[in-house]
There are 4 protein chains.
Amino acid sequence: MSNAWVGIGVIGYGYWGPNLVRNFATSESARVIGVADLSAANLAKCARVHPEVVTTRDVRDLLQNPLIEAIAVATPVRTHYDLALAALKAGKHVLVEKPLAETSDQVMRLMDEADRRGLTLMVDHTFLYTPSVQKIRQLIADGTIGDVYYYNSTRASLGLFQSDVNVIWDLAVHDLSIIQYILDEEPVAVSATAACHFAGTQENMAHVSLFFRSSCVAHISVNWLSPVKVRSTLIGGSRKMIVYDDIEPTEKIKVYDKGITVNGSAENPEELRIGYRAGDMWAPNLSTREALQAAVEHFIDCVRNGKQPVSSAASGLRIVGTLEAACRSIAAQGRPVRLKQDYRLLESA
Amino acid sequence: MSNAWVGIGVIGYGYWGPNLVRNFATSESARVIGVADLSAANLAKCARVHPEVVTTRDVRDLLQNPLIEAIAVATPVRTHYDLALAALKAGKHVLVEKPLAETSDQVMRLMDEADRRGLTLMVDHTFLYTPSVQKIRQLIADGTIGDVYYYNSTRASLGLFQSDVNVIWDLAVHDLSIIQYILDEEPVAVSATAACHFAGTQENMAHVSLFFRSSCVAHISVNWLSPVKVRSTLIGGSRKMIVYDDIEPTEKIKVYDKGITVNGSAENPEELRIGYRAGDMWAPNLSTREALQAAVEHFIDCVRNGKQPVSSAASGLRIVGTLEAACRSIAAQGRPVRLKQDYRLLESA
Amino acid sequence: MSNAWVGIGVIGYGYWGPNLVRNFATSESARVIGVADLSAANLAKCARVHPEVVTTRDVRDLLQNPLIEAIAVATPVRTHYDLALAALKAGKHVLVEKPLAETSDQVMRLMDEADRRGLTLMVDHTFLYTPSVQKIRQLIADGTIGDVYYYNSTRASLGLFQSDVNVIWDLAVHDLSIIQYILDEEPVAVSATAACHFAGTQENMAHVSLFFRSSCVAHISVNWLSPVKVRSTLIGGSRKMIVYDDIEPTEKIKVYDKGITVNGSAENPEELRIGYRAGDMWAPNLSTREALQAAVEHFIDCVRNGKQPVSSAASGLRIVGTLEAACRSIAAQGRPVRLKQDYRLLESA
Amino acid sequence: MSNAWVGIGVIGYGYWGPNLVRNFATSESARVIGVADLSAANLAKCARVHPEVVTTRDVRDLLQNPLIEAIAVATPVRTHYDLALAALKAGKHVLVEKPLAETSDQVMRLMDEADRRGLTLMVDHTFLYTPSVQKIRQLIADGTIGDVYYYNSTRASLGLFQSDVNVIWDLAVHDLSIIQYILDEEPVAVSATAACHFAGTQENMAHVSLFFRSSCVAHISVNWLSPVKVRSTLIGGSRKMIVYDDIEPTEKIKVYDKGITVNGSAENPEELRIGYRAGDMWAPNLSTREALQAAVEHFIDCVRNGKQPVSSAASGLRIVGTLEAACRSIAAQGRPVRLKQDYRLLESA
């Protein structure tokens, strides 16, 4: 680690890869050495914008390049496991696009490989690096919100239908990572429903309910077939409530001093007095830093200093496990599926 | 029916009753004769605004009044059955606030009583009388939308916690009536989850999925504990998609010429080609007539001419049956509950 | 003044009159005795909603009624002077819809008559009684905003074309009253432009600039021919800036901690360093009380206790004077017209 | 012109220059040869992103480079004239950022130089190349809108205070170019007011009214000191009205079938009957092509084929002339200033 910078190889230059290359290139602590992609057209595009980078159709050219210390994987989900495993076996630190892999089994094997070799394995849950989500986490942690009653999210747009995963692996995965990051408790069960409207494709809309031991609940609606783009989350707490709208160009987070108070005894419901509180709204100023830049810098910092990433493989394991359970619930039209607290094992209800 | 107008009695002058009285009073075909309420303060309020109306704390004063041909019931849900039954037995036509009763059993008994006596029994599913929902129904019926893929609705606000019913009986009931009105197929099963955040109260947020025999699905999110008011519905079709936002003061309905096309064989998913269509948006001009005025005129027309109401007791029965099934699913954390196609019988999965 | 309530007569039951009658009727300190209107249809409408009120086509019936202590005038602007003068001469207190009269001359004569008789003369600048404008006034008065740099307002809609006044007498009058109420300095000159798009009608859109001795400026855009309704005001200050959007159902006022700072000497502009400050936004909770109810209660309080109204005739005089000056500027395509500081005299530049 | 591409030099790599370089680099018909800037930091930034481009602090390196056929000038306004003139004298085609120069005199001298040498001289009025403005132009040209009654625009934000020009040269210039492009008549007079809130700086907010021979009027509000970003234009026509909101991510243009109709004789205003028309709204789908890419391709096409640019120097002359006249009106607090129809001469009223 005597270099002034970490040499980076990027596998996949399709939709997200160019963003990774741009952000690694912008970092003063990294240098993009090579990019691999199966498509000659993608490589040509890369060569035009980044003439200094080596391009190749053979990932082995990256794996064998001694200048490359770390590999970022931005390919279809079905290839994550093989590519990440190969990179780890070649001694490279690895950053994988979300979701980390197709199954929790695969994730555990990647974790074992990374542990054995002392390498950093990070999953790119980019939202954890946005100023918005970091602010929400802080507002919950410092008690501003009070007890969290619910997390309700909608992600809809006329989205890119993916061939190898359904809409929850593409979109709900964001909310699962955010929920894990901002709450200090893990869900214990999941109920999900979904629909597929085109023969031969995966489910294109889904609704996921997460249950917790406390009275907190979470609900995630995802939709690839919406005429309008929606990225809206409501978080209700005993003290304050948050509206987080990621479409808003500036005031992405609004904190409302609203709620209800219940007086009287729960044993005599008829005598309960419910009061409604309507106070001020407040939109904290947020940094405009690009989230992927923060994610990339964090990855480099973990690689250099042996730190555990915020979006660690262990956190990715829980998320993949929840996605697997949600898919089982979808197959059973909403039947609840329990989640084990030891996230290296998952069982159905 | 020789009168120039229908004499009306209204039971309940709390939240919704004043609106009923005002709209019946505005109609040239009706005259409000009397209002009953247990609260002297409510009756005093009524007397101030409508000095010509008889007010009473005893509903029998209305039931026995020969000038009153029809009774509107705007009281808490737990009293709907007894009051509607008494009114029918007194020979009055009846309009009941939604939901029609607490159980499908009660609804069937009310239907039998009304049938036996040849009286009109209507439930006030007000949304069916809005220009917005009528336009949506027309756009589906005339083929503009194509096959309906989904109905996705969110109703949230800092709502009035009701003591005798939970949030789905208060809010999801609107969507169930709309779905029944605009689609030509009935749901076959329901999966629902919910949460209650205050001891002694009913569930204050819920998520309901409805399954149909076709690939159509419906999802309804309702929430009494939201800092902002949301009344937003997305309807996806094979030809067009609708955004229906009831908060918008003018353009409540937007029709998008957007969607996807799938080419290739479903048997070879890898060869499927998905195309994305983005065309114009169009917001049809809508009448600004108050929905409750239309509902009230429709009720009077049914009373006078023996017509079957659009929001008939039979339609109300299906909705109550679906609400009962949803509650059973909620108790089982989302386990699906099947709905019988003969809506006079309901069974669980 | 020994009565428990003030007897009220209302002249004019067209667009605004019904609101006045409803709000006076709701007040516990007033009783609506009679309503006059030239239209039999309007009177019939009044009789239906308010059967207890005397209706007449002859205003003298109100002027001579000893139960009536105060008269509200809600008629076309060209009749304000004659009706208000007659009411004062009959010894009645008077509330006149905005604008108070057609000319500053008329206003001064009404003021003289009211002064001579010791009667209350108030103009209904309703916006001064909204929680929004009162909050803005407070935020300026307590120093939160700092020095006010500008007031920029847009009022547009597909509005009712009036036959006797142009759009600035109908809409800009609101802003002139608000500016007078929230700022502690009066404008010294006005420049205005306008356009009339239909032969035989008055100007239907206009833009008014007001100059002050300080660096504060105000600008008002009004438009009767807009496809969308706009009621938006920006107020810039040295410490904070306000966005006041009267269309918003809840957060009508947003206070932004944004602005710029200038360092260096104005004598060396090239060395000026400009800093940009972007902080939090805050939307104060506002009462939902109806403004007209507050205005009506204030009028009754002034009548009973001999207080000077917030929207006094003297304040109305300044506003009419500014409207007259703006019309002179419009006739000269924006040429500035100076406003005298002694508002009983106005001179052109 | 035998090359497959046009060699480009860019002067200025501050705020806008990087966008020009990126778009020229993306074009298949151009190649960026060199970039000049006085700031070493800016040049270093350029070298990092575009390692293949020659960077220099001396513009003569570009002017003397035979590979460079065309120069783009993206520097402060006060330098436009000298740099553009030098480039023309060196035989280069020239694209200048808006506004073309500081005075109409300077523009005419640049035009003469370009004419004499047969070189392309284009000003980058980027908005003319947006799909939105092109759609508006088409809707007016094809009669959809009918007679244009008004163009009302607001451009506000917490903007970059420029040291050498005031806010109308920075922002109103966009609207002047759009008005010229979409209307088929030129303004005949201008009235403008403005305010400067910080000693040593230029006017930071302004309001400009343009008069036409027809009943059409235009109004432009610009503001560097707004807490929120506003880019909103209303265009009223006899048949339809347009709302053009450039902040909207997708439906930037909405066409309303709204308006009024006047029946009766203008000679008897009291008998005029005004009707209000409220019909559908329609948002045409718009291309998402970046405007600057279209502008750059158009410039290259003009250079190669000797075409007259849409945003020609002659069109830029009229705009600079109007800006000069507006500044004279500002100095006289709104006094109207007449504009000559022969745009090579301008006179005051």
Side-chain angles (χ1 to χ4, degrees), chain A residues 130-146 152 228 231-261 274-291 293-294, chain C residues 130-146 152 228 231-261 274-291 293-294:
Chain A
T130 58
S132 304
V133 172
Q134 291 176 346
K135 173 62 76 173
I136 292 171
R137 178 179 153 100
Q138 177 215 314
L139 291 171
I140 291 174
D142 69 14
T144 302
I145 303 308
N152 255 25
V228 287
R231 294 285 184 270
S232 169
T233 304
L234 267 66
I235 300 171
S238 57
R239 293 194 175 163
K240 295 269 185 359
M241 298 200 270
I242 294 175
V243 175
Y244 162 35
D245 187 343
D246 204 45
I247 305 288
E248 284 285 323
T250 47
E251 285 102 44
K252 288 179 187 292
I253 292 180
K254 292 177 180 155
V255 183
Y256 289 82
D257 183 15
K258 286 190 175 178
I260 74 158
T261 53
I274 295 182
Y276 300 89
R277 191 179 76 250
D280 294 356
M281 181 265 271
W282 162 68
N285 188 41
L286 298 172
S287 151
T288 55
R289 193 189 188 190
E290 185 177 353
Q293 187 61 39
Chain C
T130 57
S132 305
V133 172
Q134 291 175 348
K135 173 61 75 174
I136 293 171
R137 178 179 153 98
Q138 177 215 313
L139 291 171
I140 292 173
D142 69 14
T144 302
I145 304 308
N152 254 25
V228 287
R231 295 283 185 271
S232 169
T233 303
L234 267 66
I235 300 171
S238 57
R239 292 193 177 164
K240 295 268 180 13
M241 298 200 269
I242 294 175
V243 175
Y244 162 35
D245 186 343
D246 204 45
I247 304 288
E248 284 284 323
T250 48
E251 285 102 44
K252 289 178 185 291
I253 293 181
K254 292 178 179 153
V255 183
Y256 289 82
D257 183 16
K258 286 190 175 178
I260 74 158
T261 52
I274 295 183
Y276 300 88
R277 190 179 76 250
D280 295 355
M281 181 266 271
W282 163 68
N285 188 40
L286 296 173
S287 152
T288 55
R289 192 187 188 192
E290 185 178 352
Q293 187 61 38

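Proteins get letters first, then strands, A, B, ... in listed order; numbering begins at 1 in each. Both backbone and side-chain heavy atoms feed into the values below; hydrogens, waters and symmetry mates do not.
Between atom OG of residue C:Ser132 and atom CD of residue C:Glu248 there is a gap of 11.0 Å, rounded to the nearest 0.5 Å.
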Apply side chain to side chain contact (heavy atoms under 4.5 Å, CB included) to residues A:Tyr256 and A:Arg277 and explain how you reach the verdict.
CA-CA 10 Å; A:Tyr256 289 82; A:Arg277 191 179 76 250; over 6 Å; no
Any chance you could lay out the side chain to side chain contact (heavy atoms under 4.5 Å, CB included) test for C:Ile253 and C:Val243, step after step, and finish with the verdict?
CA-CA 6 Å; C:Ile253 293 181; C:Val243 175; over 6 Å; no
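The shortest distance between side-chain heavy atoms of C:Ile242 and C:Ile145 falls below 4.5 Å.
By the salt bridge (charged side-chain N to carboxylate O under 4.0 Å, His left out) test, A:Asp245 pairs with no residue at all, sequence neighbours left out.
Of residues 232-239 of chain C, no residue lies under 4.5 Å from chain A by any heavy-atom pair. For a heavy-atom cut-off of 4.5 Å, chain C lies close to no residue in residues 135-142 of chain A. Identified by a heavy-atom distance below 4.5 Å to chain C, the contributing residues of residues 281-291 of chain A are A:Met281, A:Trp282, A:Ala283, A:Pro284, A:Asn285, in residue-number order.
Under a 3.5 Å cut-off, the side chain of A:Lys252 and the backbone N or O of A:Tyr244 do not form any donor-acceptor pair.
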